[in-house]
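Since the model is a prediction, treat every value here as computed from it, not as a measurement. Index from 1, following the sequence.
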Amino acid sequence: MNTLNFSNTEITTFSLVGIPGLEHVYVWISIPICLMYLVAILGNCVILFVIKTEPSLHVPMYYFLFMLAISDLGLSLTSLPTMLTTFVFNATEISPNACFAQEFFVHEFADMESSVLMVMSFDRFLAIRNPLRYSSVLTNARVVKLCMVLFIKSMLLMLPFPFTLKSLTYCKKSLLSHSYCLHQDVMNLACSDNTVDFFYGFFVAFCMMSDSVFIAVSYIFILKTVMGIGSHKERLKALNTCVSHICAVLIFYVPITALALMHRFGKHKSPSVTILTADIFLLVPPLMNPIVYCLKTRQIREKILGKLGLK
């Protein structure tokens, strides 16, 4: 797309932002960013490979972990091109079509990760509350179908974004707030009426926040169940099965909630803080989730070490 069809001044490219004031050290900043991307992509690929090739891991818990790794891998690969070109080559321009496509995939994989974390909380609740019925309720066939439904739901939920953004008029501002494209960031550049985008974006945000509410409710019931266990040792054992999931929830929801609040209420705050939070949102969950699950899940750790020929 060479130009956007507007009656006002035409904007043919958007401009991404790295970290203002630190342009002279972008090359040095790019080194840890590249390492984080490399570890995140490698770690999630290892998780996917181990779960796929080990029949003993073909159970609901690890199918959900498989989906979590796919969403993390998607977040890394969709943000990688613009993040690296900004910090490595200091190339900040991006075409509108590429920007719309990127924000669609970023939001799709973010929503999919949120949905997977939600169903993983139900998985933990069912495993602790009623372990005897666990395998009969969450059969492998049901889990596979559920994972497909989550993927399709996320795709359909985010599908209107590129089309609604493309229908807007961009005639004055072209400077984005991050080194990748987000819906609200692009929407705020429009000089035409963006009411539809605003309310639909609010609806999508509400859907994602409802996932976090469901997770909180699940853990309330989990704690209630655990408190009813007589043995202190058994309580700790039950709670220990949730540690990895709790870490994944905090790693994902803390940055995304902070970023949403900054976009909504922090317009007069330092832009560097918002940019750093946005980068954490895309870099840290894909990086940390494989590490957390490898450290806290014995079966995953043993299978990986077995693949490497280690005990």
Side-chain angles (χ1 to χ4, degrees), residues 43-44 47-48 50-51 54 56-72 109-151 153-154 207-257 284-286 288-304:
N44 284 290
I47 294 288
L48 293 174
V50 170
I51 294 176
E54 287 292 336
S56 62
L57 299 181
H58 293 177
V59 293
M61 175 184 174
Y62 297 108
Y63 281 132
F64 292 138
L65 180 56
F66 190 88
M67 284 293 292
L68 186 67
I70 289 177
S71 59
D72 282 334
F109 285 113
D111 180 76
M112 188 166 74
E113 179 148 346
S114 176
S115 299
V116 171
L117 290 172
M118 178 192 68
V119 296
M120 289 177 81
S121 70
F122 175 73
D123 170 83
R124 292 298 84 210
F125 165 71
L126 187 61
I128 293 173
R129 180 66 179 268
N130 204 335
L132 296 179
R133 291 192 59 198
Y134 177 80
S135 58
S136 62
V137 174
L138 285 179
T139 63
N140 287 351
R142 286 177 180 171
V143 170
V144 171
K145 291 177 181 178
L146 179 59
C147 290
M148 291 301 299
V149 168
L150 294 180
F151 176 78
K153 185 270 291 185
S154 298
C207 291
M208 293 187 67
M209 292 311 296
S210 65
D211 292 342
S212 64
V213 172
F214 186 90
I215 292 171
V217 171
S218 296
Y219 272 99
I220 290 174
F221 283 108
I222 287 173
L223 287 174
K224 184 179 178 180
T225 302
V226 170
M227 290 300 103
I229 299 175
S231 170
H232 179 70
K233 183 178 179 181
E234 290 299 317
R235 289 181 188 177
L236 292 178
K237 183 179 179 181
L239 288 175
N240 190 54
T241 64
C242 302
V243 171
S244 299
H245 180 255
I246 293 173
C247 291
V249 169
L250 294 176
I251 289 169
F252 178 77
Y253 277 106
V254 170
I256 197 173
T257 303
V284 173
M288 292 304 300
N289 284 340
I291 296 174
V292 168
Y293 274 94
C294 286
L295 291 176
K296 294 299 296 179
T297 308
R298 178 179 55 82
Q299 292 90 337
I300 292 288
R301 185 171 62 250
E302 289 179 351
K303 297 303 181 183
I304 291 176

Quiz item: Of Gln299, Glu54, Met67, which is the lone residue that meets side chain to side chain contact (heavy atoms under 4.5 Å, CB included) with Tyr62?
Solution: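 Of the listed options, the one satisfying the test is Gln299.
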Working to the nearest 0.5 angstrom, can you tell me the gap between [X] [atom1] and [Y] [atom2]?
| X | Y | atom1 | atom2 | answer |
| --- | --- | --- | --- | --- |
| Glu113 | Met208 | CD | CE | 8.5 Å |
| Phe64 | Leu117 | CZ | CG | 11.5 Å |
| Arg124 | Ile222 | CZ | CD1 | 8.0 Å |
| Leu126 | Ser121 | CG | OG | 11.0 Å |
| Ile220 | Lys224 | CD1 | NZ | 10.5 Å |
| Arg235 | Asn240 | CZ | CG | 15.5 Å |

Self-check item: Arg133 atom CZ, neighbour heavy-atom count above 12 within 6.0 Å
Solution: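 Check fails, neighbour count at 12 or below.
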Would you mind reporting whether [Y] and [X] have side-chain heavy atoms less than 4.5 Å apart?
| X | Y | value |
| --- | --- | --- |
| Val292 | Val243 | no |
| Lys296 | Cys247 | no |
| Asp72 | Phe109 | no |
| Val226 | Cys242 | no |
| Val59 | Val143 | no |
| Leu65 | Leu57 | no |
| Ile70 | Met112 | yes |
| Val284 | Pro255 | no |

Quiz item: Do the side chain of Ser71 and the main chain of Leu68 share a donor and acceptor less than 3.5 angstrom apart?
Solution: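 Checked: pair present.
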Quiz item: Is there a donor-acceptor pair under 3.5 Å between the side chain of Thr225 and the backbone N or O of Phe221?
Solution: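 Present.
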Practice problem: Before giving the answer on side chain to side chain contact (heavy atoms under 4.5 Å, CB included), spell out for Val249 and Ser212 the whole-Å C-alpha distance, their side-chain angles and the decisive distance to 0.1 Å. | Solution: CA-CA 8 Å; Val249 169; Ser212 64; over 6 Å; no
Looking at [X] and [Y], what are the two nearest heavy atoms and their distance?
| X | Y | result |
| --- | --- | --- |
| Arg301 | Leu295 | NH1-O, 2.7 Å |
| Ala238 | Ile128 | O-CD1, 3.6 Å |
| Pro60 | Tyr134 | CB-OH, 3.6 Å |
| Leu48 | Ala69 | CD2-CB, 3.7 Å |
| Tyr293 | Met120 | OH-CE, 3.1 Å |

Exercise. With sequence neighbours excluded, tell me which residues meet salt bridge (charged side-chain N to carboxylate O under 4.0 Å, His left out) with Asp211.
Key: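 Not a single residue meets the salt bridge (charged side-chain N to carboxylate O under 4.0 Å, His left out) criterion with Asp211.
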Quiz item: Can we call the ring centroids of Tyr219 and His245 under 6.0 Å apart?
Solution: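 When the ring centroids of Tyr219 and His245 are compared, they turn out to be within the sub-6.0 Å range.
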Exercise. Would you please classify the geometry between the Phe122 ring and the Phe214 ring as parallel, tilted or perpendicular, with 30° and 60° separating the classes?
Key: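 Tilted: the ring planes of Phe214 and Phe122 meet at 30° to 60°.
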